[in-house]
Amino acid sequence: MDINQHIESLVHDAAQRYVRALGREEVPTPITIEIPKNKDYGDFATPVAMLLARALRKSPMEIAKAISELVAADPMIASVNVAPPGFINFTVTSNAHGEILRHISNEQAHYGHCDIGHGKRALVEFVSANPTGPLHIGHARNAVVGDTIARCLQTAGYAVTREYYFNDAGVQMKKLGESLRARYLQQLGVEAALPPDGYQGEYLVEIARPLVSEIGDSRKNETDVSFFTNYATEKTLRSIDEDMKSLGIAFDEWVRESAMHHEGKVRETLDELKARNKAYQHDGAWWLRSSEYGDEKDRVLVKRDGEPTYLAPDLAYHKFKYERRYDILVNTFGGDHHGYVPRLAAGIEALGYPSSALRCVIIQMVTLLKDGERTKLSTRSGEFITLKSMINELGRDVVRFFFLMRSADSHLVFDWELAKDTSMNNPVYYVQYAHARFCSIFKKGAELGIQYQGAERANLALLETAEEKEIIMLLAQLPQVIRKSAEAVEPHHLTLYLRQLAGAFHQYFTIGTKKSEYRVLVPDNQELTQARLALIECLRITIANGLSILGVSAPERM
RNA sequence: GCGCCAGUAGCUCAGUUGGAUAGAGCAACGGACUUCUAAUCCGUAGGUCGUGGGUUCGAGUCCCGCCUGGCGCGCCA
């Protein structure tokens, strides 16, 4: 039983009945159920009476009183009361608490999953950095947030594909090839200069070295640069893939811009836009009528020299997304690319596709705070710490958790010293430590010869302290939190929830260190011990499932 | 100049889509380990939610003006 849904439908039905009794047809406002910040107000609250007051021309208090009488008989409701200016507050029964725990215990690793997706297909495109060099911290936030959005959607019942799109055509790629060729020649002892604005980084030297042992000097006099471009691209992609794997991320599809050209998709897209009269020629270039769709101005699709801009193949790529019949398309963008979104949406509409299927997630810049200095990191600048070294130094769990603590669309200051602090103060360990404590309790129980019998057989009504009730009500929130994270594509809600839940547990646990009758394991009270072990089991399941969605490990000891 | 995003405790940030007395972590100060892990817990202190109006039963949240900061405004990608 999901207690949230139960309360919601209870209030909904009661409101319907009340409205109908007044001779009205429908409830004009959606039913909202809240969890009051102040515990004195109970487990749940609804402001529905105040929302109805105007339409019904009755006082909120009167409506609240009437509705509360209609729900009072429900077996899950211990008490209902009405508070001014018209809140209805509920407290649930201990029977409801027991139901919550039995449900979690039955669901196990599946607890928290839901099916708002109904198996609909979701495409999550993220990172999509061009293969011109190693990934750095600026990419890491995008990678982690994108992957966790994908995980949330999966847990919410979507069939998810993770996709990486990269630009392997155009001048930048040519420059990359020329740069590698220069490094290759240098390795052979030939004097060769990097092209102007070439790629200076050491990593091309590291690619050139094995290249020499692989092919010797057989390409020494090659004038066509494409071999070097391809070689550098493939090597870099492999290294990007390794970086992603070290973060626990596996892409299902890798789509190349060059394929959009080779397969004729760019031409096809341009023809389509022309046929729809959404592209026009002006000053020798082809323009998209993006201003018809809310963009600031029209945009160039094909330059005067006949070369397409970035936009044309990207629209072909997005057309390709729609052709594959995905129901929702999630895109992550670096904060410095937010201005591109209206243009993309305009192009999609111009092609006749609904841009409402597109969910653009802006992932704001990261400022690195290290050695007392602040460095701004965009995906285009300031990269001197590679993603690889970041993971080596901090570990996957820390990197993932840190980027998931904050909402993606606000700027983030990454405190390197705090992230590196492996002993205390690091919020990752706070949650993981809770999990380790659960496991430790079960281990200790086994040592004392206590055999956990399962939630089904426990007398859960014995869980009656305020702390226990609070934890149970928190546990019941996981499905809502996941649902919200998936619907809003905002995974940080889950991170915050896990910290809150871990906090409630640590507090509860500490009471037991002071007073032995409040410990989980009470050897002279087997029945109570069994009930509390059920609570710990449910805590373990909930924290483990949450961490799993974040891609963070749940250690059994620390 | 125009557009987008932001401004909440000394610092970093939440704030359940408009709800009741605005929260957490860090930093500061004071406490708690013969007992299930002190990587923990408790307490104290810290606020004109940038600012001025507006909308209503009710605003940190929505609307308008202003101030401050970030980003973007190319026939670059």
Side-chain angles (χ1 to χ4, degrees), chain A residues 32-38 40-41 45-47 50-51 53-54 59-60 83-87 89 130 132 167 170-172 257 282-287 296-297 299-305 307-311 314 334-342 362 364-365 367 369 376 378 380 405-407 409-415 418 421-430 432-434 436-445 447-448 477 480-481 484 488 492-493 495-497 499-500 502-503 505-516 519-522 529 532 536 557-558:
Chain A
T32 58
I33 303 294
E34 292 155 4
I35 294 165
K37 277 175 271 188
N38 188 334
D40 298 341
Y41 294 131
T46 179
M50 289 173 286
L51 299 174
R54 175 170 294 215
S59 90
F87 288 101
N89 297 323
N130 291 338
T132 55
N167 173 312
V171 263
Q172 293 305 315
E257 184 196 335
H282 177 69
D283 281 349
W286 282 93
W287 296 71
E296 297 173 0
K297 52 184 167 185
R299 307 287 176 176
V300 174
L301 289 161
V302 181
K303 297 184 260 180
R304 201 181 307 155
D305 64 6
E307 287 293 313
T309 61
Y310 177 83
L311 180 60
D314 200 35
D336 52 350
H337 285 145
H338 69 265
Y340 182 72
V341 174
I362 305 297
Q364 284 295 356
M365 311 264 162
T367 299
L369 177 61
K376 215 165 284 163
S378 72
R380 285 196 183 182
M405 282 197 296
R406 305 280 145 75
S407 93
D409 63 6
S410 67
H411 293 247
L412 171 72
V413 176
F414 192 97
D415 187 336
L418 179 60
D421 189 340
T422 51
S423 54
M424 287 200 286
N425 302 340
N426 194 325
V428 192
Y429 302 119
Y430 187 78
Q432 290 183 319
Y433 184 52
R437 276 180 153 176
F438 307 145
C439 297
S440 174
I441 291 170
F442 277 101
K443 219 175 83 191
K444 185 75 182 182
E447 281 169 20
L448 293 173
Q477 293 310 306
Q480 304 294 314
V481 173
K484 184 174 158 194
H492 73 283
H493 291 120
T495 316
L496 293 164
Y497 166 75
R499 291 177 75 179
Q500 191 188 353
F505 163 71
H506 284 310
Q507 201 175 324
Y508 173 60
F509 183 90
T510 307
I511 297 172
T513 65
K514 308 279 190 296
K515 302 176 189 164
S516 58
R519 295 166 62 127
V520 174
L521 305 171
V522 190
T529 299
R532 288 185 174 163
I536 299 301
R557 67 171 69 175
M558 289 175 73

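In what follows, chains are A, B, ... by sequence order, proteins preceding strands, each numbered from 1.
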Paired nucleotide for A14(B) [Watson-Crick or G-U wobble; both distances under 3.5 Å]: none

Minimum-distance nucleotide (side-chain atoms of Ser407(A) versus A14(B), G3(B), C36(B)): A14(B)

Rounded C1' spacing from G58(B) to A20(B) in Å: 9 Å

For G47(B), the Watson-Crick or wobble partner whose two distances fall under 3.5 Å: none

pi-stack flag for Tyr430(A) and A39(B), centroid dist under 5.5 Å, interplanar under 30°: no

N/O (side chain, Tyr429(A)) to phosphate O (OP1/OP2, A39(B)) under 4.0 Å: no

Assigned glycosidic conformation for C11(B) [threshold 90° from 0]: anti

G1(B) pairs with, by Watson-Crick or G-U criteria that keep both distances under 3.5 Å: C73(B)

Phosphate-side-chain proximity, His492(A) and G15(B), N/O vs OP1/OP2 below 4.0 Å: yes

Check: His338(A) side chain, G3(B) base, donor-acceptor under 3.5 Å: yes

Phosphate contact (A14(B) OP1 or OP2) by Ser410(A) side-chain N/O below 4.0 Å: yes

C66(B) and A24(B), which share atom name P, separated by this distance in whole Å: 37 Å

Whole-Å distance separating the OH atom of Tyr508(A) from the P atom of C42(B): 15 Å

Nucleotide nearest Ser440(A) (side chain, heavy atoms from C-beta), chosen from G19(B), U37(B), A14(B): U37(B)

Options C36(B), C57(B), U12(B), nucleotide nearest the side-chain atoms of Val520(A): C36(B)

Selected nucleotide, minimal atom distance to Tyr433(A) side chain, candidates A39(B), A14(B), A77(B): A39(B)

Listed nucleotide nearest any side-chain atom of Glu296(A), set A32(B), G3(B), A77(B): G3(B)

Assigned partner base of A32(B), Watson-Crick or wobble definition, under 3.5 Å: U40(B)

Presence of donor-acceptor pair under 3.5 Å, side chain of Asn38(A) and base of U21(B): yes

Sugar-phosphate, base or nothing in reach of Asp314(A), heavy atoms under 4.0 Å: nothing

Nucleotide nearest Asp283(A) when distance is taken to its side chain, options C13(B), G70(B), C75(B): C75(B)

Lys297(A) vs G72(B): side-chain N/O to OP1/OP2 distance below 4.0 Å: no

No-H, no-angle donor-acceptor pair, Asn89(A) side chain to A20(B) base, under 3.5 Å: yes

Phosphate contact (A38(B) OP1 or OP2) by Arg437(A) side-chain N/O below 4.0 Å: yes

Tyr41(A) aromatic ring stacked with six-membered ring of A20(B), 5.5 Å and 30°: yes

Arg519(A), nearest nucleotide to its side chain (from A77(B), C75(B), C36(B)): C36(B)

Under 3.5 Å on both distances, the Watson-Crick or G-U partner of G7(B): C67(B)

Within the 6.0 Å centroid threshold, strictly below: Phe505(A) and Phe509(A): yes

Reported CE-to-CG distance for the pair Met365(A) and Asp336(A), which is rounded to 0.5 angstrom: 4.0 Å

Sugar-phosphate only, base, or nothing, as touched by Trp286(A) at under 4.0 Å among non-hydrogen atoms: nothing

For A59(B), the Watson-Crick or wobble partner whose two distances fall under 3.5 Å: none

Pairwise distance OG(Ser440(A)) to CE(Met558(A)) - rounded to 0.5 angstrom: 12.5 Å

Check: His493(A) and Tyr497(A) side chains under 4.5 Å, non-hydrogen atoms: no

Under 3.5 Å donor-acceptor, Thr46(A) side chain and Ile33(A) backbone: no

N-glycosidic conformation, U17(B) - syn within 90 degrees of 0, else anti: syn

Audit row: Leu311(A), Val300(A), side-chain contact (heavy atoms from CB on, under 4.5 Å) steps and yes/no: CA-CA 8 Å; Leu311(A) 180 60; Val300(A) 174; over 6 Å; no

Side chain of Ala488(A) - closest among C71(B), A14(B), U17(B): U17(B)

From CD (Gln364(A)) to CG (Leu412(A)), nearest 0.5 Å: 10.5 Å

Contact under 4.0 Å: Gln507(A) side-chain N or O vs C42(B) OP1/OP2: yes

Closest nucleotide among C36(B), U12(B), A39(B) to the Arg406(A) side chain: U12(B)

Residue-phosphate contact under 4.0 Å: Arg499(A) side-chain N/O, A24(B) OP1/OP2: no

Side-chain N,O (His506(A)) to OP1/OP2 (A38(B)) below 4.0 Å: no

Among G19(B), U17(B), G70(B), the nucleotide that comes nearest once only the side chain of Pro47(A) is considered: G19(B)

Chi angles and distances behind the side-chain contact (heavy atoms from CB on, under 4.5 Å) call for Gln172(A), Asn130(A): CA-CA 9 Å; Gln172(A) 293 305 315; Asn130(A) 291 338; over 6 Å; no

Lys37(A) side-chain N/O to A20(B) phosphate OP1/OP2 under 4.0 Å: yes

